[in-house]
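The structure under discussion appears below in the form of structure tokens.
The sequence lines fix the lettering, A, B, ..., with proteins before strands; numbering per chain opens at 1. Everything numeric here is computed off the predicted structure, so don't read it as measured data. Values reported hereafter were calculated over all heavy atoms of this structure, with side chains retained and with hydrogens, waters and symmetry mates removed.
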Amino acid sequence: MLAHRPDIKSELKETLAQALQALGLSELPEIIVQETPAGKEGDYGTPIAMSLARALRKAPPQIAADLVQNIQLPPWVRRTFVVGGYLNFELDPAFLVQAATLPIKPFPPTEGKVLLEHTSVNPNKELHVGHLRNICLGDSLARILRYAGRRVEVMNYIDDTGRQAAESLYALRYFGLENPPAGTKYDHWVGDAYVRLHQELENPEKKATIEQGVQETLHRLEAGELRPEVDKILRSQLQTMYRLGAEYEALVWESDIVREGLLGQAMKALEGSPYVSRPTEGKYAGALVMDTSAFIPGLEDPYLVLIRSNGTSTYTAKDIALQFWKMGLLQGIKFAEYDTQPSGARLYSTHPQGTLMPFGGASETINVVDARQSHALRVVQASLEVEGRHDLAEQCFHLAYETVLLEGRQMSGRKGIVVSVDEVMDEAVRRVRAVIAEKNPDHPNPQEAAEQIGVGAVRFAMIKTEAKKQIDFRYDQALSFEGDTGPYIQYAYARAGSILRKAEEQGVLQEEADYAQATAYEIILAKNLLRFPEAAQDAARNKAPHIVAQYLLELAAAWSSFYNAKTPDGKSATPVLTAPPGLRGVRLELVKALRQTLQQGLALLGLQAPEVM
RNA sequence: GCACCCGUAGCUCAGUGGAUAGAGCGUUCGCCUCCGGAGCGAAAGGCCACAGGUUCGAGUCCUGUCGGGUGCGCCA
């Protein structure tokens, strides 16, 4: 037998390709192999004969029949059928089921490094559910890419010289709020002050004073004088990110990018380009502008200001400098150790007194950013074209996610119309504890399980929908533990574990499997297990974590159906522990494979797999 | 005005050009003498927004129309 779970579809494709060559086809079409729909003959099938009908000037069933004559099928294909235009294969059930119980083959490492930026929350208030989608998507994608063999560096950008940070820090001084009362998380304390300041701004008499104070704070931030204040907020925010399960390799502070001269270097490089100019008259007189028309067609005004006529740089200019650094066009930022993350991994941060470290210089970048920033990211990409680096521009990917509404309404950080991530996780965990108290009052460790399940429910709710779809955050939906949810998958895992524990108690855990006894029930479960590597691969290729989420729902559902299956007279059709000896071994092996696959899949989404729920 | 994204069951969503369009929630009806009911089975519910086109084959690709969202500042 094989050492790893085989990729049955790929092997069938390979076999078909050889048969097509035997038929004398010079050009091979794309070969598709898929599972047959329920009720059709065979396990896997291909529509290849239909796509060849025109080129070969023959009817599809005839082509399929010719293929069967010329094909060297693997020994595990038991029969072939020509159904309509399809060519279907029926597999040896013993092979199919045993194949599903084998360990998953690791993906081979691939060349190059991916720099994935996510989170990048302004360090001025607590995280809200809009940020939640960003973190869950980014963190899950990083896990999926690593699993698929990519080398991934996760970066979190700290905009410490922005207006938001200045407003928050000034608000603390303005209201005289130095230290939060015990029990108040610092980022919430600062966020409340920020919202209050915006209320105060409604008052015309106070506006001028506040504006002056904010400007002054902004200058001090740019000079790096308030770094400890920003740091205090950031560390408070990091606690939320860690609780969600997100970790990073490096924090990159905007002030460090500027101070180390990267912004200046980037602008200097761009100034040499024919697309960059400094008009002496007209709308942009005195500013440094970039013409993007050659790379972003259809714009009314393709000019983009990099340096204003007053000498200050725009946001986009800083983003361009950062992107240049990410892709190795600029070097020289220093890093220092910043924190030890919950997993034990070190977190590094840019730092004035740090040392040079091998961060940046990636061959591919992924920016997890709100879809509303699409234009800005297009411009950053265009700046690489302006530099003559079409090759690098092609390797920039914007993972754009749509807005998160709150109970059907737009959120507003300034007005305080938000739900914080801390609040959502607390509420989720509280609700799970109530469920555990009701369903499993003797739970050995309810607090730990509630944390894993509650946070898992939140993460899963953020990941299960495609990123480009707008989602509406509703408490009752996001914190539901029934149906298409994280807890549903975790429950399937816990149930499987329960069976294995009992098997161990009864001393049958290592019983030998007789795969010849496998039935249709085992085959369905096995086919679902065999799909895992493909789902992971698809998710990595399309940079779409929801593919893994959807797959896990299907796998958990297949398993739930399996262990609930009943014979017509109402008895269990698929008992594991009380099955006849050889069949019991088969089922136990399947349950082990299921546990391993669910655990791996949950890990790709950053969800824990609790042993008991 | 121009550009990007979305439109699939009452609601929320899956569905790499292939077979009879699938889940969850909600509704109705069943299932705990049986490995954990956060579960399972069944029923009802669809001109896949609309109109053309490409294709052996379109929910999927192209064009247009209509709805919904978003973006297009020397703001940050």
Under-4.0 Å side-chain N/O to phosphate OP1/OP2 contact, [X] with [N]:
X        : N      : value
A/His546 : B/rG15 : yes
A/Lys502 : B/rC35 : no
A/Ser561 : B/rC40 : no
A/Tyr284 : B/rC74 : yes
A/Arg308 : B/rC75 : yes

Check the interface with nucleotides 55-62 of chain B: list each N/O to N/O pair with the protein under 3.5 Å, or write none.
from   : atom 1 : to      : atom 2 : distance (Å)
B/rC56 : OP1    : A/Arg54 : NE     : 2.7
B/rC56 : OP1    : A/Arg54 : NH1    : 3.3
B/rC56 : OP1    : A/Arg54 : NH2    : 2.6
B/rC56 : OP2    : A/Arg54 : NH2    : 3.2

Under 3.5 Å, is there a donor-acceptor pair linking the side chains of [X] and [Y]?
X        : Y        : answer
A/Glu167 : A/His198 : yes
A/Glu611 : A/Tyr493 : yes
A/Gln323 : A/Asp319 : no

Could you check whether [X] pairs with [Y] (Lys NZ or Arg NE/NH1/NH2 to Asp/Glu carboxylate O, under 4.0 Å)?
X        : Y        : result
A/Lys527 : A/Asp43  : yes
A/Arg431 : A/Glu427 : yes
A/Lys592 : A/Glu589 : yes
A/Glu505 : A/Lys502 : no
A/Asp370 : A/Arg372 : yes

Exercise for review: Mind running side chain to side chain donor-acceptor pair (under 3.5 Å) on A/Ser140 and A/Arg459 for me, showing each step along the way?
Suggested key: CA-CA 9 Å; A/Ser140 301; A/Arg459 269 192 81 125; 3.1 Å; yes

Please pick, from [options], the nucleotide with the shortest atom-to-atom distance to any side-chain atom of [X].
X        : options                : result
A/Glu300 : B/rA38, B/rG1, B/rU20  : B/rG1
A/Ile453 : B/rA19, B/rA38, B/rG39 : B/rA38
A/Lys468 : B/rC6, B/rG69, B/rG36  : B/rC6
A/Lys566 : B/rG69, B/rC34, B/rC75 : B/rC34
A/Val432 : B/rC5, B/rA38, B/rG71  : B/rA38
A/Tyr563 : B/rU16, B/rG39, B/rA38 : B/rG39
A/Ser560 : B/rG39, B/rG18, B/rA76 : B/rG39

Measure the distance from [atom1] on [X] to [atom2] on [N] and round it to the nearest whole Å.
X        : N      : atom1 : atom2 : result
A/Met613 : B/rG39 : CE    : P     : 9 Å
A/Lys318 : B/rC74 : NZ    : C1'   : 14 Å
A/Leu377 : B/rU70 : CG    : C1'   : 14 Å
A/Tyr551 : B/rG15 : OH    : C1'   : 17 Å
A/Gln164 : B/rA76 : CD    : P     : 11 Å

Please determine whether the number of non-hydrogen atoms from other residues, nucleotides or ligands lying under 6.0 Å from atom [atom1] of [X] exceeds 12.
X        : atom1 : answer
A/Phe107 : CZ    : yes
A/Gln34  : CD    : yes
A/Glu271 : CD    : yes

Practice item. Would you mind calling B/rC34 syn or anti? Take O4'-C1'-N9-C4 for purines or O4'-C1'-N1-C2 for pyrimidines, and syn is within 90° of 0. Key: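 In terms of base orientation relative to the sugar, B/rC34 is anti.
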
So [X], base contact, sugar-phosphate only, or nothing? Heavy-atom distance under 4.0 Å.
X        : answer
A/Arg372 : sugar-phosphate
A/Thr36  : base
A/Tyr488 : sugar-phosphate
A/Ala166 : nothing
A/Ile436 : base
A/Val591 : nothing

Exercise for review: Specify whether A/Phe295 and A/Tyr275 have parallel, tilted or perpendicular ring planes, treating 30° as the upper limit for parallel and 60° as the lower limit for perpendicular.
Suggested key: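 Rings of A/Phe295 and A/Tyr275: perpendicular, as their planes differ by over 60°.
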
Review point. When the ring planes of A/Tyr521 and A/Phe562 are compared, do they come out parallel, tilted or perpendicular, using 30° and 60° as the limits?
Key: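 Ring orientation of A/Tyr521 relative to A/Phe562: perpendicular.
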
Exercise for review: Kindly confirm whether the side-chain ring of A/Tyr491 is stacked on the base of B/rG39, judged by centres under 5.5 Å and planes under 30°.
Suggested key: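 According to the criterion (under 5.5 Å, under 30°), no, A/Tyr491 does not stack.
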
Exercise for review: Decide, applying a 5.5 Å centre-distance limit and a 30° plane-angle limit (both strict), whether A/Tyr315 stacks on B/rA76.
Suggested key: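 One would call A/Tyr315 stacked on the B/rA76 base.
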
**Study point:** Separation of the P atoms in B/rG10 and B/rA49, to the nearest angstrom
**Key:**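 The same atom, P, in both gives a distance of 13 Å.
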
Practice item. Write down the distance separating the P atoms in B/rA3 and B/rA21, rounded off to the nearest Å. Key: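 Here B/rA3 and B/rA21 have their P atoms 36 Å from each other.
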
Could you list the protein-to-nucleotides 44-46 of chain B atom pairs, N/O on both sides, closer than 3.5 Å?
none

**Study point:** salt bridge (Lys or Arg N to Asp or Glu O under 4.0 Å) contacts in which one or both residues fall within residues 536-564 of chain A, not counting sequence neighbours
**Key:**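 Only A/Glu364-A/Lys543, A/Arg531-A/Glu554, A/Asp538-A/Arg541 qualify under salt bridge (Lys or Arg N to Asp or Glu O under 4.0 Å).
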
Where do N or O atoms of nucleotides 9-13 of chain B meet protein N or O atoms at under 3.5 Å, pair by pair?
from   : atom 1 : to       : atom 2 : distance (Å)
B/rU12 : O2'    : A/Gln477 : NE2    : 3.3
B/rC13 : OP1    : A/Gln470 : O      : 3.1

Check your understanding: With A/Val458, which of A/Leu607, A/Val424, A/Ile463 fulfils side chain to side chain contact (heavy atoms under 4.5 Å, CB included)?
Key ->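 Testing each of A/Leu607, A/Val424, A/Ile463 against A/Val458, the sole residue satisfying side chain to side chain contact (heavy atoms under 4.5 Å, CB included) is A/Val424.
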
Review point. Of A/Lys439 and A/Gly45, whose closest RNA chain B nucleotide lies nearer the 5' terminus?
Key: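 This one resolves to A/Gly45.
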
Check your understanding: Between A/Val230 and A/Trp253, does a side chain to side chain contact (heavy atoms under 4.5 Å, CB included) hold up when you go through it step by step?
Key -> CA-CA 11 Å; A/Val230 177; A/Trp253 296 55; 3.8 Å; yes

Practice item. Return yes if the base of B/rA38 and the side-chain atoms of A/Asn440 contain a donor-acceptor N/O pair under 3.5 Å, otherwise no. Key: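 By the distance-only test, no, there is no pair.
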
Exercise for review: Check RNA chain B against residues 567-580 of chain A and give the residues with a non-hydrogen atom under 4.0 Å, in numerical order.
Suggested key: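 Only A/Ser572, A/Thr574, A/Pro575, A/Val576, A/Leu577 qualify.
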
Point to revise | Cationic tip of A/Arg414 above A/Tyr194 ring, under 6.0 Å, 45° of axis | key: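 Not flagged: A/Arg414 not positioned over aromatic ring of A/Tyr194.
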
Revision key, fill the gap. For RNA chain B, the dot-bracket notation using Watson-Crick and G-U wobble pairs below 3.5 Å, [ ] for pseudoknot-type crossings and | for other-strand pairs, is (((((((..((((....[...)))).(((((.......))))).....(((((..]....))))))))))))....

